[in-house]
Amino acid sequence: NIQSYAQNEKAKELYKKAGDLKYSKDYENAINYYNLALEEYHEYYYAYYNIVICKYNLGKYEEAIQDFKWFVKRDQKNVDAYNYIGISYMGLGKYEEAIPELDKAISVNPLYYLPYYNRGICRYNLKIYETARKDFDKVIELNARYYQAILYKGLIAYIGKDYKTALS
């Protein structure tokens, strides 16, 4: 019907405005516009998802963890949600809790390099250097241009007093 179509069009406009705000890192206002879009069209799945990403970017890690867990209950193949749960735990300094979530992301998509990188960061912070190095090796295998992994491999070599490898 015409009213439903108009609501959906208004929701799209609000969603686009929210996306622009999110892109410019105005996360609080983005959340407000995503909520307005949801008032117009409550089945806007990606509006819910982007609200949670905004919460994560605002450092509201506990809320983000709970909300992303809601998403993975509905879509157990949502690799990004598992990754975000993991990095939200990392934001709280809970590296041990992050690793199983990142493992789930890797099991969903073993070719996605970011969960390996994030798991490597967790292991690095937990001083489990050899397995962290293996994660960084996998990142480089999947994305040779991801220089952060190369940097951490150098740091691990330096910690192990392998200065020649650290320099390279």
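Here CG of Asp103 is found 5.0 Å from CZ of Arg119. Values are rounded to the nearest 0.5 Å. Separation of atoms OH (Tyr113) and CG (Asn118) is listed at 10.0 Å; rounding is to 0.5 Å. One distance of note links NZ of Lys94 with CD1 of Ile99; it measures 14.5 Å at 0.5 Å rounding. Between the CG atom of Leu36 and the NZ atom of Lys17 there is a distance of 11.5 Å, given to the nearest 0.5 Å. Expressed to the nearest 0.5 Å, how far CD of Glu62 lies from OH of Tyr89 amounts to 7.5 Å. For the atom pair CD1 (Ile121) and CG (Leu114), the distance works out to 11.0 Å, reported to the nearest 0.5 Å.
Inter-residue side-chain proximity for Arg145 and Tyr147 is flagged as unmet; no heavy-atom pair is nearer than 4.5 Å. Contact check for Glu63 versus Leu58: no side-chain heavy atoms found under the 4.5 Å cut-off. Between Asn8 and Lys12 there is a side-chain heavy-atom pair separated by less than 4.5 Å. Within the 4.5 Å cutoff, no side-chain heavy atoms of Leu21 are placed close to those of Asn32.
Linking Ile, Leu, Val, Met, Phe, Trp and Tyr whenever their side-chain heavy atoms come within less than 4.5 Å leaves Ile150 and Val139 in two separate clusters. Hydrophobic clustering (ILVMFWY, side-chain heavy atoms < 4.5 Å, transitive): Tyr41 and Leu14 are in distinct clusters. Hydrophobic clustering (side-chain heavy atoms under 4.5 Å, transitive across Ile, Leu, Val, Met, Phe, Trp, Tyr) keeps Ile51 apart from Tyr33.
Not counting sequence neighbours, the partners of Tyr15 by the ring pair (Phe, Tyr, Trp, His ring centres under 6.0 Å) test are Tyr34, Tyr44. Listed by chain and residue number, nothing satisfies the ring pair (Phe, Tyr, Trp, His ring centres under 6.0 Å) test with Tyr116 (two or more places apart in sequence, or in another chain).
Closest of all the heavy-atom pairs between Pro115 and Asn83 is CA-OD1, 3.5 Å. Nearest heavy atom pair, residue Lys138 against residue Pro110, reads CE-O, 4.3 Å. Contact record, Val108 with Lys77: CG1-O, 3.2 Å, taken as the closest heavy-atom pair. Closest approach of Ala166 and Ala157 over heavy atoms only: N-CB, 3.7 Å. Residue Phe136 comes nearest to Gly120 through the heavy atom pair CZ-C, 3.4 Å, listed as atom of the first residue, atom of the second, then distance. In plain terms, the two heavy atoms of Cys54 and Ile31 that are nearest each other are CB-CG1, 3.5 Å.
The neighbour count for Gln148 CD, taken as heavy atoms of other residues, nucleotides or ligands under 6.0 Å away, is above 12. Crowding of Tyr117 atom OH: a count of heavy atoms from other residues, nucleotides or ligands under 6.0 Å exceeding 12. Atom CZ of Arg74 has more than 12 neighbouring heavy atoms from other residues, nucleotides or ligands inside a 6.0 Å radius. Within 6.0 Å of OH on Tyr23 lie no more than 12 heavy atoms contributed by other residues, nucleotides or ligands.
Between Tyr45 and Tyr49, the ring planes lie parallel to each other; the angle is under 30°, not in the 30° to 60° tilted range.
With hydrogens and angles left out, the side-chain atoms of Tyr152 and Asp135 include no donor and acceptor closer than 3.5 Å.
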One pair to check against side chain to side chain contact (heavy atoms under 4.5 Å, CB included): Ile140 and Lys153. What are the steps and the verdict? CA-CA 10 Å; Ile140 295 164; Lys153 280 188 65 176; 3.5 Å; yes
Which is it for Ile159 and Tyr124 under the side chain to side chain contact (heavy atoms under 4.5 Å, CB included) test, yes or no, and what are the steps along the way? CA-CA 11 Å; Ile159 289 166; Tyr124 177 86; 3.7 Å; yes
Walk me through it: do Tyr163 and Lys161 pass the test side chain to side chain contact (heavy atoms under 4.5 Å, CB included)? CA-CA 5 Å; Tyr163 302 118; Lys161 299 185 187 219; 3.4 Å; yes
Please evaluate residues Val52 and Trp70 with respect to the criterion side chain to side chain contact (heavy atoms under 4.5 Å, CB included), reporting the C-alpha separation (whole Å), side-chain torsions for both, the decisive distance (0.1 Å), and the verdict. CA-CA 11 Å; Val52 184; Trp70 181 87; over 6 Å; no
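Ion pairing between Arg133 and Glu130 holds under the 4.0 Å rule for side-chain N and carboxylate O. Checked for salt-bridge contact, Glu101 and Lys104 meet the test: a charged N lies under 4.0 Å from a carboxylate O.
Between the Asp75 side chain and the Phe71 main chain, no donor and acceptor come within less than 3.5 Å of each other. When atom types are taken as modelled, the side chain of Asn57 and the backbone of Ile53 share a donor-acceptor pair closer than 3.5 angstrom.
For Tyr56 and Tyr61, the distance between ring centers is under 6.0 angstrom.
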